[in-house]
Each structure stands twice: as structure tokens, then as C-alpha cells.
Amino acid sequence: QAGVILQFQITTFGEGERLIVARDVTRVHNLEQMRQDFVANVSHELRTPLTVIKGYLETFMDSLQEDHPQLSRGLHRMNEQALRMEALVNDLLLLSRLETDNSQQLIKPVGIPKLLRQIYHDAQAMNETKQHNIILEVDEDLDINGDHEELRSAFSNLVINAIKYAPAKSNITIRWNEDENGVYMEVEDDGDGIDPKHLPRLTERFYRADQSRHAKTGGTGLGLAIVKHVLIHHNAKLEIFSELGEGCVFTCHFPRKNIVPKAQKSVA
Ligand code: ADP
């Protein structure tokens with residue numbers, strides 16, 4: 001027998017009086033659960049046909065290259081779109097997992113300086129055409145407890161966005177340091193920035209600040225939604241600062257309690 005889910009709202013008045021409103025949100029909760037299950041199932045089911053399609057495309061592309069150049073070009077386009085769909089399916093699956101499986105305790109030390117160095121090297125490799133000046137400012141002694149793969153996804157999404165959206169030859173800085181509230185990872189770029197009116201909705205699935213620009217950059221539209229959910233899982237918060245023409249700063253704030261004491265430092 002399914003239970004009833006109630007949401008309480010408590011308002012306190014001057015003389016210690018309280019108004020308590022209880023709302024039955026069972027239906028809303030069940031619908032949300034159905035939506036999450038549906039997205040997870042569809043994404044999962046799409047994986048097998050996609051793998052088969054990609055397999056055939058690769059075989060045909062190789063064998064038709066010389067004798068049928070026009071057909072081969074068409075197959076390359078199809079392969080590009082299949083890869084794009086695969087990225088989308090993978091992001092949807094990751095997002096579904098993050099939405100449903102928040103129970104796991106995050107007690108494993110993650111070697112963040114090493115992880116950020118890897119992301120930095122991957123970014124340099126991606127960066128050949130745009131030649132950004134990527135700067136890494138990392139406190140080597142600082143680690144947190146968390147999930148290595150989730151943090152890799154979140155941090156690389158922020159760095160890849162800076163590479164995608166900031167114009168060629170601009171500066172991108174990746175920071176990892178302590179402040180008065182805890183510890184933060186930050187990606188700053190000096191690109192075109194985002195109109196502040198978009199900022200409150202930027203972490204919604206498929207929300208884009210500039211539709212036309214997106215067509216050229218080819219992301220899945222799920223990157224910042226993934227960042228947000230990874231941070232929720234780590235009791236952390238995403239702060240976005242931007243003005244048009246002033247670049248962007250994306251900061252992930254982690255609470256002090258996540259910091260690994262120096263004696264216990266990880267080698268991961
Ligand atoms: P996408 O796949 O479209 O990049 P994201 O969720 O990662 O999806 O980002 C959402 C939107 O936020 C992007 O479409 C873009 O408009 C804006 N955005 C994200 N990062 C930056 C950045 N560094 N500079 C300018 N705009 C950005």
C-alpha cells in the first residue's frame with residue numbers, strides 16, 4: 001500500500017500562534033517519479049540500437065571511402081549525428097542516476113588537484129583550433145570527500161563550456177582553493193558572457209541562453225543540469241556570475257566538512 005506524502009508549511013504569528021498548512025503532494029510526487037523512470041528507460045533502450053547503427057556506419061564509411069566519395073560524406077554526417085545522439089543519451093542516463101540515487105555516502109577522498117590537472121590536459125588537447133590561454137591555479141594540498149566520476153563530469157562540463165563559448169585566444173582560468181566558507185572550484189572566462197536575465201534558468205534541462213549560438217557549438221543542453229545535480233549530491237552549491245561582454249564565472253562551493261584532513265590525504 002503506497003503511503004501519502006504530505007508537505008507542511010508553518011507560519012508563526014506574534015503571540016506564539018502558528019498556522020500549519022498540510023498539502024497532499026502524493027500525486028505530484030508520483031508523476032515526477034513516473035517522469036524520471038520514463039526518461040531513464042527510454043535512454044537505456046536507445047543505447048542498443050545506437051550501438052548497432054554506429055557499428056554499421058563505421059564499417060561502410062571505411063569501405064566506401066575511395067570508390068563512392070559522395071556516399072561516404074553522407075555516412076560521415078550520419079555518424080556525427082549518431083555520436084551526438086549517443087552523447088545526449090549518456091547525459092540523460094547520468095542525470096537520471098543523479099536524480100534517483102542520492103543516498104550513497106560520499107566518504108571517499110578524491111584527489112582534486114590531480115583530477116583538475118587531467119581535465120586541464122584534456123582541455124589543452126581539445127583547444128587546438130581556438131588557442132585559448134588556459135591557466136590552472138590549484139592548491140595542491142586540498143582534497144575533498146566525494147564521488148570521483150561525478151566530480152569529473154561536473155568540472156569538465158564547466159571547462160568544456162568555457163572552451164565552447166569563449167572566443168578564440170581568450171583567457172580561461174581553473175581555480176581550486178579555500179575561502180571563508182569552505183572550498184571552491186571555479187572556472188572563469190573572459191568571453192562574451194551571458195545576459196543576467198538567463199542566469200536563474202541556466203541549470204534547467206535543455207535551457208540555452210542563446211539558441212542560435214548553440215547550433216554551432218553542438219552541446220547536449222544538459223551540462224549545467226548535470227553540474228547542479230552533482231553539487232546537490234555533494235551538499236555543494238553552484239554560483240554563476242556574468243554580465244554581457246564581461247565573461248562568466250562558474251563557482252562550485254563545497255562545505256568545509258567535505259575537506260579531507262591533511263593526514264588522510266588521497267592518492268586517487
Ligand atoms: P549546452 O550543451 O547548450 O552547452 P549547458 O547546460 O552546458 O548546455 O549550458 C547551458 C547554456 O548556458 C548554454 O547553451 C549557453 O548558452 C550558456 N553557457 C554555459 N556556459 C557558458 C559560458 N562559459 N559562456 C557563455 N555562455 C555559457
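Each ligand, and each atom within it, is numbered from 1 in the order the structure gives. Quick caveat, the model's predicted, so the values are computed rather than measured.
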Enumerated ligand 1 atoms positioned under 4.0 Å from heavy atoms of Lys164 | 1 (P), 2 (O), 4 (O)
Examine the proximity of ligand 1 to Val187 and report which part, side chain or backbone, both or neither, has a heavy atom under 4.0 Å away.
-> neither
Judged by heavy atoms only, the candidate from Thr203, Asn161, Asp192, Leu224 nearest atom 20 (N) of ligand 1 is Asn161
Counting only N and O atoms by type, is there a donor-acceptor contact under 3.5 Å from the side chain of Trp176 to the main-chain atoms of Pro113?
-> no
Atoms of ligand 1, numbered as shown, that sit under 4.0 Å from any heavy atom of Ala209 = 16 (O)
Are any of the N/O atoms in Phe250 less than 3.5 Å from those in ligand 1?
-> no
What do you reckon, is CZ of Arg256 surrounded by more than 12 foreign heavy atoms closer than 6.0 Å?
-> yes
NZ (Lys130) with more than 12 external heavy atoms under 6.0 Å | yes
Enclosure of Arg35 CZ (heavy-atom neighbours >12, cutoff 6.0 Å) = yes
Is there a heavy atom of Leu202 sitting under 4.0 angstrom from any atom of ligand 1?
-> yes
N-O pairing of Glu204 and Lys228 below 4.0 Å = no
Under a single-linkage definition using a 4.5 Å side-chain heavy-atom cutoff for Ile, Leu, Val, Met, Phe, Trp and Tyr, are Leu244 and Tyr165 assigned to the same hydrophobic cluster?
-> no
Find all atoms of ligand 1 within a distance of less than 4.0 Å from any non-hydrogen atom belonging to Gly219, and give their numbers and elements.
-> 2 (O)
Hey, is CE on Met126 packed in by over 12 heavy atoms from elsewhere, all under 6.0 Å?
-> yes
May I ask you to check whether over 12 heavy atoms, not counting those of Tyr184, lie within 6.0 Å of atom OH?
-> yes
Does any N or O atom in Gly193 lie less than 3.5 angstrom from one in ligand 1, N or O only?
-> no
Just which atoms of ligand 1 are under 4.0 Å from any heavy atom in Cys248?
-> 22 (C), 24 (N), 25 (C)
Just heavy atoms, cut-off under 4.0 Å: does Ile194 contact ligand 1 by side chain, backbone, both, or neither?
-> side chain
With heavy atoms of Gly223 as the reference, note each atom of ligand 1 found under 4.0 Å away.
-> 5 (P), 6 (O), 7 (O)
Does some non-hydrogen atom of Tyr207 fall short of 4.0 Å from ligand 1?
-> yes
